[in-house]
Amino acid sequence: GPDPLPEGRLVSKGPYAVIRHPMYAAILLVFIPLLIEYFTIPRLIIMLLLITNLLLKIRYEEEQMNLSFCKKYREYSAGTWQLIPYVL
């Protein structure tokens with residue numbers, strides 16, 4: 001799972017300086033155009049399941065990061081977007 005490693009460190013440079021979950025954002029950047037290009041109900045259902053899964057992972061991961069890095073993570077998260085700049 002997306003659990004912080006005991007010896008892990010908080011990364012706040014590169015793409016992490018703007019958004020806290022750049023890998024999840026990249027997944028959406030790949031799959032949303034595939035849905036738009038050839039829209040079908042099964043693809044829509046899969047996309048909704050994917051988004052639900054990512055949002056649950058983000059919630060869990062942020063709880064774990066708050067436990068591991070406490071004040072440092074709260075300060076970092078106050079200055080960054082969660083997934084999509086200017087939206088979420």
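Linking Ile, Leu, Val, Met, Phe, Trp and Tyr residues whenever their side-chain heavy atoms come within less than 4.5 Å places Leu49 and Met47 in a single cluster. Neither Leu50 nor Tyr38 shares a network with the other; the hydrophobic side chains, linked directly or stepwise wherever heavy atoms of I, L, V, M, F, W or Y lie under 4.5 Å apart, form separate groups for each. Leu44 and Leu54 fall within the same hydrophobic cluster, where Ile, Leu, Val, Met, Phe, Trp and Tyr residues are linked whenever their side-chain heavy atoms come under 4.5 Å apart, directly or through other members.
For the atom pair CD1 of Ile19 and CD1 of Ile84, the computed distance is 8.5 Å after rounding to the nearest 0.5 Å. Considering CD of Glu75 and OG of Ser12, their distance stands at 11.0 Å, rounded to 0.5 Å. In this structure, the separation between CG on Leu48 and CG on Asn53 is 12.5 Å, given to the nearest 0.5 Å.
For Tyr76, the ring-ring contact (aromatic ring centres under 6.0 Å, His included) partners two or more places apart in sequence, or in a different chain, are Tyr73. For Tyr86, the ring-ring contact (aromatic ring centres under 6.0 Å, His included) partners are Trp81, not counting sequence neighbours. A search for side chain to side chain contact (heavy atoms under 4.5 Å, CB included) contacts involving Val11 returns Arg9, Tyr16, not counting sequence neighbours.
Residues Arg59 and Leu55 form no side-chain contact, since every pair of their non-hydrogen atoms from C-beta on lies 4.5 Å or further apart. Two residues are said to be in side-chain contact when any heavy atoms from C-beta on lie closer than 4.5 Å; Met65 and Leu10 meet this criterion.
Considering all non-hydrogen atoms of both residues, Thr80 and Ala17 come closest at CG2-O, 3.5 Å. When all heavy atoms of Ile58 and Gln82 are compared, the pair lying nearest together is CG2-NE2, 3.4 Å. Nearest heavy-atom pair, Arg74 versus Asn66, reported as atom, atom and distance to 0.1 Å: CG-OD1, 3.3 Å.
Applying the 4.5 Å side-chain rule to ILVMFWY residues, one finds that Leu5 remains a lone member of its cluster.
Listed by first then second residue, pairs satisfying salt bridge (Lys or Arg N to Asp or Glu O under 4.0 Å) with a partner in residues 26-55 number zero, not counting sequence neighbours.
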Show the atom names and distances, to 0.1 Å, of all donor-acceptor pairs under 3.5 Å that link a side chain in residues 21-36 to residues at least two apart or in another chain.
| residue | atom | partner | partner atom | Å |
| --- | --- | --- | --- | --- |
| His21 | NE2 | Glu62 | OE2 | 2.8 |
| Tyr24 | OH | Glu61 | OE1 | 3.2 |

